[in-house]
Amino acid sequence: RWQKIFMIPLWSKMAIFWNKMFLTIIVLLIVLFLDAIREVRKYSAVHVTERAANVNANAFDHIQMKLFRSQRNLYLSGFSLFLWLVLRRTVTLLTQLAKGMASHAALETQVNDATEAAKKYMAENERLQE
């Protein structure tokens, strides 16, 4: 039943669109990840925190807050990028498995038909020999 549903021509047209969307989302996640790395490096520099601590305590807290936010963005973007890639790989493997199972079922029916035909011809051959 699912094969009939997924063999509708509309799905193949949508697949092209969703592949482009997937690549767009991957590029966006990579850009966000690289931006988060840049921000973490900027706010975790030692000389910036020392200068800020000497000037004002509020400035030090502000820099620590920005460092926390940049680390949070780094973890979120990195983890979502990782999960997105895992999801893509899982979908690819499931698609390959479904195609393999379909071809296996088709080959099995061909083998069964060939075996039945061979048995029939062997029985007919024995009958003719008698």
Side-chain angles (χ1 to χ4, degrees):
R1 178 175 24 179
W2 286 106
Q3 287 178 354
K4 290 179 185 176
I5 292 172
F6 287 123
M7 291 308 223
I8 298 173
L10 176 67
W11 292 115
S12 61
K13 293 177 185 174
M14 286 180 59
I16 295 169
F17 171 74
W18 284 112
N19 283 334
K20 289 179 184 176
M21 287 300 296
F22 171 77
L23 292 175
T24 304
I25 291 171
I26 288 293
V27 168
L28 179 67
L29 285 173
I30 290 172
V31 167
L32 289 174
F33 184 71
L34 293 175
D35 181 57
I37 289 174
R38 182 185 61 83
E39 290 288 318
V40 167
R41 284 188 178 177
K42 181 169 80 173
Y43 291 118
S44 64
V46 176
H47 66 280
V48 173
T49 57
E50 287 176 0
R51 262 191 274 151
N54 292 337
V55 174
N56 190 355
N58 287 335
F60 179 74
D61 291 341
H62 186 71
I63 289 175
Q64 290 298 317
M65 179 191 66
K66 287 189 176 264
L67 177 62
F68 171 76
R69 287 182 179 170
S70 62
Q71 287 173 342
R72 179 201 60 197
N73 292 343
L74 176 69
Y75 298 142
L76 287 175
S77 62
F79 192 66
S80 60
L81 181 63
F82 173 73
L83 285 180
W84 196 255
L85 292 172
V86 167
L87 180 68
R88 176 65 175 191
R89 181 64 179 155
T90 303
V91 167
T92 303
L93 288 175
L94 285 174
T95 305
Q96 289 176 354
L97 180 65
K99 287 179 183 176
M101 288 174 65
S103 67
H104 176 72
L107 288 175
E108 191 172 328
T109 56
Q110 282 182 346
V111 167
N112 289 339
D113 291 343
T115 303
E116 289 176 12
K119 286 180 182 177
K120 178 181 146 188
Y121 291 135
M122 286 177 62
E124 186 177 324
N125 190 20
E126 287 178 8
R127 189 179 53 92
L128 287 175
Q129 284 180 358
E130 289 176 359

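Start at 1 with the first residue, then count along the sequence.
Every residue two or more places apart in sequence or in another chain that forms a side-chain hydrogen bond (donor to acceptor under 3.5 Å, both in side chains) with R88 is listed here: N19.
In this structure, S44 and V40 approach most closely via the heavy-atom pair OG-O, 2.7 Å. Across every non-hydrogen atom of T109 and A106, the tightest pair is OG1-O, 2.7 Å.
F33 CZ to L76 CG: the interatomic distance, rounded to the nearest 0.5 Å, is 11.5 Å. A distance of 12.0 Å separates CD1 of I30 from CD1 of I25, quoted to the nearest 0.5 Å. Summarising the geometry, atom OG belonging to S70 is positioned 10.0 Å from atom CZ belonging to R38; distances are rounded to the nearest 0.5 Å. Atoms CG and CZ, from L74 and R69 in turn, are 16.0 Å apart once rounded to the nearest 0.5 Å. To the nearest 0.5 angstrom, Q110 atom CD is 10.5 Å from N112 atom CG.
By the 4.0 Å N-to-carboxylate-O rule, E130 lies too far from R127 to be salt-bridged with it.
In this structure, L32 belongs to a hydrophobic cluster whose other members, linked by side-chain heavy atoms under 4.5 Å apart, are L28. With side-chain heavy atoms closer than 4.5 Å counting as contact, directly or through intermediates, the hydrophobic cluster containing V86 also holds F79, F82, L83.
Side chains of I26 and L85 form a contact here, defined as non-hydrogen atoms less than 4.5 Å apart. Put simply, the side chain of F68 does not reach to within 4.5 Å of the side chain of Y43, judged on heavy atoms. Here the side chains of N125 and Y121 are not in contact, with every heavy-atom distance at 4.5 Å or above.
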### Task
Output, in order, the C-alpha distance, side-chain angles, deciding distance and verdict of salt bridge (Lys or Arg N to Asp or Glu O under 4.0 Å) for K42 and E39.
CA-CA 5 Å; K42 181 169 80 173; E39 290 288 318; 3.6 Å; yes

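When hydrophobic clusters are built by joining Ile, Leu, Val, Met, Phe, Trp and Tyr residues whose side-chain heavy atoms come closer than 4.5 Å, directly or via intermediates, L23 is grouped together with L81. Criterion: ILVMFWY side-chain heavy atoms under 4.5 Å apart, direct or through other members. Under it, W18 and L10 are part of a common hydrophobic cluster.
Applying the side chain to side chain contact (heavy atoms under 4.5 Å, CB included) test between F17 and each of M21, K13, K20 identifies M21 as the sole match.
The number of heavy atoms from other shown groups lying within 6.0 Å of CZ (R72) is above 12.
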